[in-house]
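Everything on this sheet refers to the single structure shown next.
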Amino acid sequence: MDPILLLLATLDGIAYAALVFLVAVGLTLIFGVMRILNVAHGAFYAIGGYAAASLVLAISDADFSPWLSFPALLVAAAGVGAALGLVIERFLLRHIYAKEEVLQLLVTFAAFMILEDVQRLVWGVQPYSATDPVRLLGTVDVMGIPYNAYQIILLPVIAVMVLLGLRWFLRRTLSGKVITAVTEDRETAIAMGIDARKVFTVTFVIGAVLAALGGALASPTTAIQLGLGAEMIVLSFAVVATAGLGQVEGAALTALLIGLGRSFAVYLVPELDVLIPYMIMVLVLLFRPQGLFAVAEKRRI
Amino acid sequence: MSGTLLEASNLHISFGGVTAADGIDLEVFNGERLAIIGPNGAGKTTFLNICTGYLTPSAGSVRFGRRDITAMAPRAITRMGIARAFQTPQLFHDQRVIDNLLLAAAARERTWNPFRPLQDLPERDEMLELLELFGLAEVSTQMINELPEGNRKLVDIAVALALRPQLLLMDEPTSGVSTLEKFRIMDLLVEALAVQGVTSVFVEHDMEVVKRYADRVAVWSAGHIQSVGPPDQVLADPSVMRDVIGI
Amino acid sequence: MRLVRYLPAVLVLVVAVLPLAVPWLKIVLTVALAKGLAVLGVVVLLRAGQVSFGHAMFFAASAYSAAFLMQGFAGADLAVLLLAGMVCSGTMGAVIGLFVVRYRYIFFGMLNLAFSMVLYALLEKMFHITGGSDGMAVGRPTYLGLELARTSFETALFYTSLGLAGAACWFVHRFLRSPLGEALSAIRTNETRLEYLGISARWILLIAYVLSAVLAGLGGSIIAVNQGVVTPDLGYWIRSGEFVFIAILGGAGHVLGAFAGALVYELVRFYAAAMAADVWQMILGFVLLGIILFASRGIVGLYRDLAAIAPGPRGHREPLR
């Protein structure tokens with residue numbers, strides 16, 4: 001393979017992995033604490049993207065400094081994530097914590113269906129994208145190839161910062177330790193007086209904000225359009241399942257693995273690029289049903 | 001009937017630093033009722049889990065008849081003739097008592113005709129007789145989750161016996177049952193075992209039950225078999241009483 | 001109120017006779033029956049407590065197999081198309097099933113979704129074979145060797161579908177009461193005991209999975225012939241979601257509920273979807289939430305409640321479960 005193509009594929013893969021990681025880590029964090037797989041997570045990603053693109057476009061229409069588009073991405077993500085996360089946790093999930101697993105899955109699936117039409121109603125069917133942030137950061141030379149700095153520097157840096165930030169938060173702060181305690185042993189944590197409801201709300205909102213951040217950061221380089229949410233929930237599930245449900249660091253490594261796998265496929269066998277993430281997942285799950293980084297558990301009998 | 005039915009040799013297993021079995025050797029003889037006693041958490045249930053393939057020991061082997069069953073799956077071992085009843089009954093809670101037994105009969109006979117209702121299995125009468133033996137004939141059409149705990153334990157054992165096993169492993173068949181009920185259940189159970197000619201191993205906490213119903217008793221302590229023998233002999237040993245009951 | 005007891009029989013009769021009175025309803029009802037077959041597949045899996053978010057893949061696979069067959073052998077017979085569709089979806093069900101039956105709940109649902117997304121993407125991308133998002137035309141097959149005109153073919157297809165739906169109902173009904181079916185619902189309640197009866201939960205689930213794939217495939221073939229065109233949308237996740245929705249709407253785990261749900265759904269959609277095209281998913285979502293949170297037994301549950309209130313012969317009351 002041409003070394004330049006190899007390099008390009010690697011760079012693409014890293015940028016892509018950074019976005020997938022943001023969505024997947026939220027999904028896995030929520031699962032770890034609440035034992036619910038939030039199918040609506042894909043919609044958070046898409047709506048985060050729509051909101052960010054709209055905000056950036058509005059800033060450029062209003063002739064404000066285009067540099068404002070960077071904080072705009074963050075503001076859109078935080079706003080969308082917090083609002084959707086709070087509403088869905090408060091008014092929906094709260095009623096189903098005691099229900100059967102199948103029903104929990106169906107409820108988040110219903111939320112996903114509803115949010116899909118919310119996107120259609122608010123943003124219509126045309127694709128959105130806001131390229132200002134990419135243009136502003138320009139390109140960097142990677143061994144003679146110009147590559148845009150937004151994807152090669154900003155996205156990976158943010159992903160790593162999120163990973164380190166989450167590690168610090170979960171291990172060093174009180175709220176984080178409480179979340180970790182609930183993840184590891186919910187019954188004991190609740191018996192010790194931890195307010196599970198509050199932990200659930202906080203975790204769900206953090207997860208939702210991360211998904212929306214993924215969408216917001218994708219909006220400068222990807223056309224945000226209908227159907228994106230479905231693709232993303234399935235892909236991030238593939239990442240989370242391959243890593244092992246509930247694994248934060250594992251999700252980062254797996255996102256990189258799957259991101260690179262996919263971008264190499266784009267260059268080598270373009271028809272099959274969508275297949276690669278799932279082939280990786282199926283292969284891993286065949287040999288390690290619990291995922292790469294999780295430990296298998298047995299029911300007590 | 002004599003000879004060895006099941007033989008465990010040199011079993012080792014530990015969980016996160018806790019050693020449940022540290023070189024266990026234990027034989028089960030044809031036709032006997034063997035009780036296993038010992039302090040909580042000593043590894044008695046682990047022994048049943050290993051013998052039925054739910055856990056694989058880190059070293060050692062289990063032989064059943066002439067075959068090594070150490071690494072086999074629970075369902076393969078079940079098909080060979082080892083059935084199990086559980087400390088917490090494992091039943092299909094939203095199906096009826098008779099359905100639970102009929103499913104066992106279907107599994108035993110491998111009757112998987114998709115057009116024939118489970119209800120019409122030819123083994124139905126045999127299953128009703130089995131329920132009769134346990135005094136459960138009246139509740140045969142009740143849902144499992146409508147039964148009191150004591151009856152559920154009996155159904156759990158009946159389901160295991162419906163498989164017509166050679167060997168039945170039971171985990172505290174009389175726990176969660178009132179003292180009054182205990183002997184009634186054990187009488188029924190011993191009769192059922194005798195009718196079918198089933199060899200049995202049961203983990204037990206109640207020394208009265210052990211004395212009355214076991215042919216032999218094995219004392220499990222800290223991953224070892226401390227002693228094996230007839231109940232009156234083993235239970236007379238003061239060190240056993242100290243280790244097991246704490247006096 | 002006594003009539004309530006005969007409601008199912010009356011409904012079947014109405015559905016059978018309606019197209020004679022209102023010919024244009026035929027196509028809608030055929031669609032409802034085809035979807036009902038796929039929903040029945042979802043219902044079989046719900047019996048084991050498992051929900052598949054990807055069953056439209058079998059629907060699409062056999063629809064495309066019909067399209068390819070018609071393309072290769074113009075004038076192939078409907079019976080051949082239906083059979084080929086069942087073989088195709090059944091084989092695919094066996095292969096995918098071997099993998100997914102190792103998993104339960106979240107993994108089962110999402111892995112099915114993942115496989116269906118892959119099929120959808122392939123159907124869209126393999127433009128030179130599948131015609132991409134424009135899809136493929138499906139010609140009119142012969143009917144048992146006869147070349148029928150359009151309207152008489154539609155009538156024949158409708159009654160064939162009705163017959164197949166009836167047969168499928170009968171078979172699934174028997175199946176669910178057989179030892180296999182009872183073992184299937186045992187997967188939901190206690191897999192440990194199942195294993196300790198010497199029964200492999202995976203085998204049982206695999207058999208059910210292949211059956212459910214074949215049912216979905218049968219529906220897909222009917223849709224392909226009925227519409228005369230197949231597109232990747234047949235396998236999109238929204239379609240799978242629709243099947244799950246209808247299964248829950250009809251009354252999770254109930255055989256007749258699958259078709260009752262499909263009829264209600266398709267008729268409402270026929271009249272209302274045009275008015276509310278942009279919010280159709282949203283309406284479905286809210287109804288689904290409503291059913292799960294407040295009336296988890298769906299249409300069949302409602303009917304049973306009605307039947308229980310109505311005093312029947314000898315004052316017999318159907319017990320409320």
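This structure is a prediction, so every number in the text was calculated from the model and none was measured. Within every chain, numbering begins at 1; the chains are lettered A, B, ... in the order of the sequence lines, protein sequences first and strands thereafter.
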Requested in this report: State, with a plain yes or no, whether a side-chain heavy atom of A/Val282 is found less than 4.5 Å away from one of C/Phe115.
Outcome: yes
Query raised in the report: Heavy-atom distance under 4.5 Å between the side chains of C/Phe99 and A/Leu286, does that happen here?
Result: yes
Query - Side chain, backbone, both or neither of A/Val125 within contact of chain C (heavy atoms, under 4.5 Å) - result: neither
**Report entry** chain C contact via A/Leu37 - side chain, backbone, both or neither, heavy atoms under 4.5 Å
**Finding:** both
Query raised in the report: In Å and rounded to the nearest 0.5 Å, what is the CD1 to CG distance from C/Ile292 to A/Leu106?
Result: 4.5 Å
Requested in this report: Measure the spacing between CD1 of A/Ile114 and CD1 of C/Ile283 and express it to the nearest 0.5 Å.
Outcome: 10.5 Å
Query - Proximal component of A/Leu115, with respect to chain C [non-hydrogen, under 4.5 Å] - result: neither
Report summary line: Correct closest heavy-atom pair for A/Tyr278 and C/Val118 would be CD1-CG2, 3.3 Å
Query raised in the report: Are any of the side-chain heavy atoms of C/Met282 and A/Leu121 separated by less than 4.5 Å?
Result: yes
**Report entry** Residue pairs, two or more places apart or on separate chains, that pass salt bridge (charged side-chain N to carboxylate O under 4.0 Å, His left out) and touch residues 126-135 of chain C
**Finding:** none
Query - Donor-acceptor contact below 3.5 Å, side chain A/Arg120 vs main chain C/Gln281 - result: no
Report summary line: Note: C/Tyr236 and A/Gly227 closest approach over all heavy atoms is OH-CA, 3.5 Å
Query raised in the report: Does any non-hydrogen side-chain atom of A/Gln104 lie less than 4.5 Å from one of C/Ile106?
Result: no
Query - Options C/Ile238, C/Leu284, C/Leu111, ranked by heavy-atom pairs under 4.5 Å with chain A, top entry - result: C/Leu111
Query raised in the report: Between C/Phe53 and A/Phe109, does the ring centroid distance fall short of 6.0 Å?
Result: yes
Report task. Can you see which heavy atom on C/Gly285 is nearest to which on A/Ala110, and at what distance? Result -> O-CB, 3.6 Å
Query - Within-4.5 Å side-chain heavy-atom neighbours: C/Leu293 and A/Ile96 - result: yes
Requested in this report: For residues C/Lys125 and A/Pro270, report the shortest heavy-atom separation together with the two atoms involved.
Outcome: NZ-O, 3.4 Å
Report task. Taking the side chain as every heavy atom from C-beta outward, state whether C/Trp237 and A/Val234 have any pair of such atoms under 4.5 Å apart. Result -> no
Requested in this report: Go through A/Leu285 and C/Arg102 one step at a time and tell me if the side chain to side chain contact (heavy atoms under 4.5 Å, CB included) criterion holds.
Outcome: CA-CA 10 Å; A/Leu285 292 184; C/Arg102 298 155 61 101; over 6 Å; no
**Report entry** Atom pair CZ/OH of A/Arg35 and C/Tyr105 - distance to nearest 0.5 Å
**Finding:** 15.0 Å
Query raised in the report: So, do A/Val107 and C/Leu288 sit near enough that their side-chain heavy atoms are less than 4.5 Å apart?
Result: no
